[in-house]
Structures are given as structure tokens and as C-alpha cells.
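Taking it in order: structure first as C-alpha cells, then the write-up.
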Amino acid sequence: MDKHQPSPESSSEECTVLEAPPPDPNNCLLHTGKVFELYCRECACVVCEDCICGDHEGHSTVTIREALELQRSALQDRLRSAKTRLPQISDTLSLVKEILQQLTNQRASIEEDIQSSFEDLHKQLDVRKSVLMMELEVTYGLKQKVLQTQVDSLLRGEGDIQDSCAQTEEILAGEACTASLQAEQGLVERLEELTNQGLPCHPEENDQLDLILETDGLRKSIHNLGAVVSTSAVASQSEAMGAGLEQCIVGQPASVTIVTRDKSGGACRSGNAILSAEVFTPDGSMVDGDILDHKNGTYEFVYTLPKEGRFSLALRLYDQHIKGSPFKLTVSRPSDTDPEGAKRRGKSPAQKKKASKRASSALGTPRRKTHNPIEDDLIYRIEDDLIYRIGSKGRNRGEFTNLQGVAASSTGKILIADSNNQCVQIFSNEGEFKSRFGVRGRSPGQLQRPTGVAVHPSGDIIIADYDNKWVSIFTSDGKFKAKLGASRLMGPKGVTVDHNGHVIVVDNKSCTVFIFQPTGKLISKFGSRGNGDKQFAGPHFAAVNNNNEIIVTDFHNHSVKVFTPDGELVLKFGSNGEGNGQFNAPTGVAVDTNGNIIVADWGNSRIQVFDGSGSFLSYVNTSADPLYGPQGLALTSAGHVVVADSGNHCFKVYRYLQ
């Protein structure tokens with residue numbers, strides 16, 4: 001067959017494959033020639049006229065146009081609903097990223113603390129090792145010298161006796177003669193002398209040289225040294241309960257129990273969660289309370305309100321509101337039959353009886369008194385007066401929201417820790433606004449809740465940040481330099497500087513006073529929670545007197561305590577009450593050039609003056625413009641008293657006689 005001849009199966013023309021045209025989406029597939037005109041709501045599909053007479057008979061229908069409009073409207077609603085979630089998701093994303101960054105920063109900070117702490121322990125061990133080696137050498141040397149001296153003495157005595165005996169034996173072996181008589185007489189005397197000589201024939205030392213090194217306890221301590229503390233508690237699942245959430249009585253403690261839970265709602269079984277509680281008065285000022293960690297995932301917040309009205313309680317876990325927070329509180333006066341009802345708080349000093357001197361607080365021998373102008377001039381008269389007041393509630397410069405700490409510099413500046421505005425405002429001694437700085441946040445260099453402020457001799461500004469749980473150091477013009485106390489502090493409230501330039505921090509939550517070098521190195525700490533002489537219950541602020549002693553206001557123990565830098569109690573004065581020298585929760589404290597102690601009495605809304613031994617002297621007259629919940633207090637370089645009038649959202653400067 002010719003290779004070009006086509007096969008019988010092939011065709012001279014190519015075949016064309018024809019495909020059926022796609023169906024018209026507007027035509028009904030069940031009824032030929034019928035167009036979709038209606039929409040069945042029950043079946044959610046398009047139908048033709050014949051369909052509604054068949055399977056869709058009796059169903060609710062609308063025109064396709066109406067169905068499209070309804071669908072588009074529903075789609076628009078869903079779109080709007082979906083878009084409303086975006087800001088929430090964005091805010092949550094930012095918050096979670098911030099928490100993640102804080103977690104990373106905290107990890108780095110703790111890692112640094114662990115490294116430095118163990119390096120310090122290594123150094124201390126090396127120092128102790130050197131001391132022990134030195135003690136060993138000294139003790140060995142002393143004992144060895146005694147024994148070696150005795151050995152040398154015995155060897156000399158032994159040699160002398162042996163030589164004399166050999167010489168005598170040699171003479172005795174020879175023939176006695178007149179010539180040897182004199183020599184023999186000399187040997188008799190020599191042997192008698194050697195026989196009677198006082199050689200140390202008993203050991204003059206012993207061989208005891210032992211080491212007492214109790215390492216078992218140390219090993220156990222090292223094994224348990226330190227702990228990385230955390231909890232899985234989240235604010236969205238945690239809740240509060242207790243009578244303190246509903247009805248409170250003026251002047252009586254109220255209690256709220258907080259139960260922390262994890263993301264699944266399971267109860268947390270460990271403590272150390274970062275919990276904050278704030279009670280706001282109707283005018284926006286804040287009332288302090290005390291949080292007790294039961295170490296089992298539950299916490300108790302105890303607070304006392306000074307007046308009746310409607311208050312707000314904000315409970316935050318890791319800076320987020322827990323379920324139901326903020327809570328609305330109704331505060332009422334006690335009934336007439338209640339013996340506590342007769343007790344009235346917040347009197348102005350002008351309403352009180354004339355000052356009378358109180359006996360000195362007894363703790364050891366009272367200090368020797370010197371000439372005291374306050375005692376001479378003010379014990380029976382009050383002449384201090386308001387010079388000016390600055391501020392009102394707000395967020396602008398010269399306005400405050402819950403101002404707390406106060407400091408005064410030697411260069412004529414007044415510094416105010418504006419707590420809820422997350423900044424520090426600076427004024428001249430005359431009240432002229434100079435500057436302010438502070439950015440809200442939880443990163444180094446930012447402020448979350450500044451409560452205490454102090455000025456270092458170098459000019460640096462030191463700020464206690466209660467919610468960030470550290471102390472920040474800024475330059476005099478507000479540039480961040482460093483932070484100290486991170487991972488050590490739980491709730492720093494007040495801060496001051498001693499005569500050595502050390503930073504003294506009053507930790508309100510841990511009821512401890514910390515002393516740091518400006519570099520952040522911890523020098524010492526003292527105090528714990530309780531009502532003992534060396535214990536605190538919510539300490540607030542501190543000052544340093546001329547002896548470099550530390551004066552601390554013990555808020556819930558209603559007293560003022562004076563300590564040495566080593567934490568030894570020197571003096572304690574004050575008790576709960578409204579009389580002269582009594583306190584209803586003391587806060588700010590300062591010391592004048594004569595050693596007198598000036599104390600802000602928060603619950604009694606007054607300022608009291610004491611001498612260096614704790615004896616009451618006088619009040620600062622605040623009757624012209626009464627205080628409401630005074631907090632921080634300081635003496636300006638001009639010798640005036642400046643106080644943070646927290647409840648009135650301002651600070652006031654008073655004349656003060658020194």
C-alpha cells in the first residue's frame with residue numbers, strides 16, 4: 001500500500017465536535033421556556049411561575065428584585081458588623097503585642113537580675129573563702145610558732161645534756177688524777193645545771209585545727225534560692241465578691257474578695273498576680289486601701305471611706321478591668337445606735353481645741369532637746385497661712401487628676417507627681433508653671449502611675465511608678481536615664497534621697513523600705529507586713545532627717561516611725577484618732593532644718609508638726625482653704641510647706657515658721 005494512501009478509518013475532512021450551549025441562568029431548568037421571576041423564602045432559591053404551583057406551592061415568595069434588595073441590605077449589615085470588630089481586634093492586637101513586649105522586657109530584666117545576683121554571690125563566696133584561708137594561715141602560724149619554739153628549746157637542751165654526758169663518760173673512763181679534779185668539778189656543776197634546767201617537757205600547744213563548714217543548710221538554701229513567679233490569671237475571667245461591693249459604712253473597713261481565673265475560667269491556685277484597686281470619690285479623687293494576697297489565687301481588698309455618697313471601685317488585673325469593674329458603691333453613715341456613729345472625721349484644725357503639748361513618745365531615752373523656734377513660737381498659737389494654691393481637675397498643664405507625691409529642689413522648683421495624668425509637672429517656688437514630662441506606658445522611660453517624686457543632689461528627678469513596679473530616673477529636663485528596682489518592687493509609693501545620695505523607696509504593697517544606689521544596686525531593705533515596731537501596714541512616704549535617719553509614714557497603723565539606715569527602729573509616735581498628735585492614716589512627711597517633723601494627716605485632712613522626739617507642737621493652719629485627703633508634702637527652698645491636696649486636685653503652699 002502506498003504510504004500516502006489514507007487509511008480506511010480516516011476521512012478526507014476533519015470532524016468538528018459540537019458542545020451544547022450553557023443553560024441560561026435566568027431560565028428555569030424544570031419548566032422549559034419559563035423564566036425565574038420569584039424567590040422562595042422558605043427554600044432560599046429562585047423559582048418560576050410554574051414552580052410555585054408545584055413543589056413550592058404555598059411558600060412565601062417575593063420578586064427577585066425584592067430578594068436582591070433584601071440580600072444586599074443583609075450583606076451590608078453583616079459588612080458593617082464585621083467592620084465594627086476591626087477596631088476591637090486592632091486594640092486587642094496592640095494590647096497583646098504590648099504585653100508580649102513587656103513580657104520580653106521583663107524576661108531580660110529578670111535575666112539581668114539573676115546574673116548580677118549570682119555574680120554578687122560568687123564574689124561573696126570568694127571573699128569568704130579568702131577570709132577562711134587567711135584565718136587558717138594565721139591560726140596555723142600561731143600554733144606552729146609555739147610548737148616549733150618548744151621543739152628548738154628541747155633540741156638544744158637534749159644536745160647540751162648529750163654533750164656533757166659524753167664528756168663526763170670520757171673522763172670517767174680515764175684514770176683519776178689531781179690534774180682532772182678541777183675539770184671534774186666543773187662537769188659536776190654543769191650536769192647539775194642541765195639536770196635542773198626548766199625545759200618545756202609538756203606540749204605547749206595542741207594539734208587541733210578543724211573546719212566547721214555547715215554546707216548542708218547552705219546547699220538547701222541555694223537549692224531553694226530564688227523563684228520565677230507567674231500566674232495564668234486573666235482579667236476577663238476573674239471576678240469579685242463580698243459585702244464591700246454593695247453597701248459601705250463611713251469610717252468602717254469594707255472588704256472585697258477577688259478570685260482570679262485563667263482563660264478557661266478555671267480557678268488559679270497560686271498568688272503573686274499583679275492586682276490594683278482604686279476607689280474614686282464623687283469628685284474624682286482616689287482613696288487608698290490595702291490588698292492582701294492569700295497566695296491561693298484569691299485576694300482581699302480592704303478599704304475605708306471617709307464620707308457618704310456614691311463611689312466607684314476599679315479592680316484591675318494586669319491593668320485590665322476584671323468582670324463587672326468598675327463597681328458602683330453606695331456609702332452611708334452609720335446608724336445613731338452604732339457607737340462608731342459618734343466618730344466624725346475630716347475636721348479642719350481650726351475646729352479643734354487649742355493645741356496642747358503631748359508627752360514625748362517613749363522608745364528608749366528621749367532625745368536631748370535644743371532650742372526649737374516652732375515650740376517657742378507656735379505651741380499656743382497658729383500663724384501659718386495659705387500663700388497660694390495651684391490647680392483644678394483636668395489634664396492640661398497646671399491641672400491635676402489625683403496628684404500624689406511632692407518634691408522641692410534646692411534650685412527653687414516644686415515637682416508634682418500627677419498620678420492619673422501619668423506625668424510630673426514642675427513649677428517655680430512662686431507657683432509659675434515651668435514644664436512637665438511623662439508618656440503613659442509600661443516600657444522603660446514611660447509612666448503608668450507616678451506616685452512619688454524626689455530630686456537627687458545631682459539634679460536628676462527620681463519617680464516611684466506604682467503600677468510599673470519600678471523607680472525611673474530622669475534628667476532635670478525630663479530625659480529618661482535608667483530604672484531601678486524592677487522585679488524587686490511590688491508597689492513603690494514614696495521615694496526620697498538620703499545624705500549619701502542613696503535612693504530610698506517605700507514599697508506600699510510589700511510593706512518594705514528599699515535602699516538603692518542610683519546605679520540600681522540594692523544596698524539593704526527592711527520591714528514586713530504587720531503592726532509590730534519594725535513592720536508596716538501600707539507605708540506611704542519617707543523623709544530623711546539631719547542624722548540620716550529614715551522617717552516613714554505607716555498609713556494603716558496610724559503612726560510615724562524613724563529608723564537607722566540599717567533598719568533599726570529609733571522612734572515611733574502616733575495612734576489612731578483625731579486628737580493632737582494622733583493620725584487617721586498619715587501620708588506625706590518632711591523635716592525642717594531644726595529637725596521638726598511635718599506630717600500630712602490624710603483622714604483628718606490636716607498637717608501636724610512634731611519635734612524630733614515625736615512630741616506634738618502645732619498645726620499648719622489650713623482653715624482658710626481646707627484640705628481634703630492631703631498626700632505628699634515637702635519644704636521648699638524658701639522654707640514654705642507645699643502639700644498635694646489630692647481631693648481638691650491642687651497643691652497648696654503655706655507659710656511655715658522655722
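If you're wondering where the values come from, they're calculated on a predicted model, not measured in any experiment. Along the sequence shown, residues are numbered consecutively beginning with 1.
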Review point. Tell me the side chain to side chain donor-acceptor pair (under 3.5 Å) pairs involving residues 123-133, sequence neighbours left out?
Key: Asp120-Gln124
Exercise for review: State yes or no: are the ring centers of Phe610 and Phe583 separated by less than 6.0 Å?
Suggested key: yes
Point to revise | Donor-acceptor pair between Asp163 and Gln167 side chains, under 3.5 angstrom | key: no
Point to revise | Ion pair check, Asp290 and Arg529, cut-off under 4.0 Å | key: yes
Check your understanding: Gln150 side chain to His202 main-chain N or O, any donor-acceptor pair under 3.5 Å?
Key -> yes
Check your understanding: So does Lys481 pair up with Asp460, basic N to acidic O under 4.0 Å?
Key -> yes
**Study point:** Any side-chain donor near an acceptor of the partner, Asn580 and Gln582, under 3.5 Å
**Key:** no
Practice item. State yes or no: are the ring centers of His640 and Tyr656 separated by less than 6.0 Å? Key: no
Revision key, fill the gap. Closest non-hydrogen contact found for Gly574 with Ser559 is O-CB, 4.0 Å
Exercise for review: Look only at the side chain of Thr260 and the backbone of Gly297, and say whether a donor-acceptor pair between them is shorter than 3.5 Å.
Suggested key: yes
Review point. With a distance cut-off below 6.0 Å to the six-membered ring centre and an angular limit of 45° from the axis, does Lys561 pair with Phe536 as a cation-pi contact?
Key: yes
Check your understanding: Without hydrogens or angle criteria, can the side chains of Lys143 and Asn206 be said to hold a donor-acceptor pair below 3.5 Å?
Key -> yes
Check your understanding: Hey, are Glu568 and Lys534 close enough for a salt bridge, meaning a charged N less than 4.0 Å from a carboxylate O?
Key -> yes
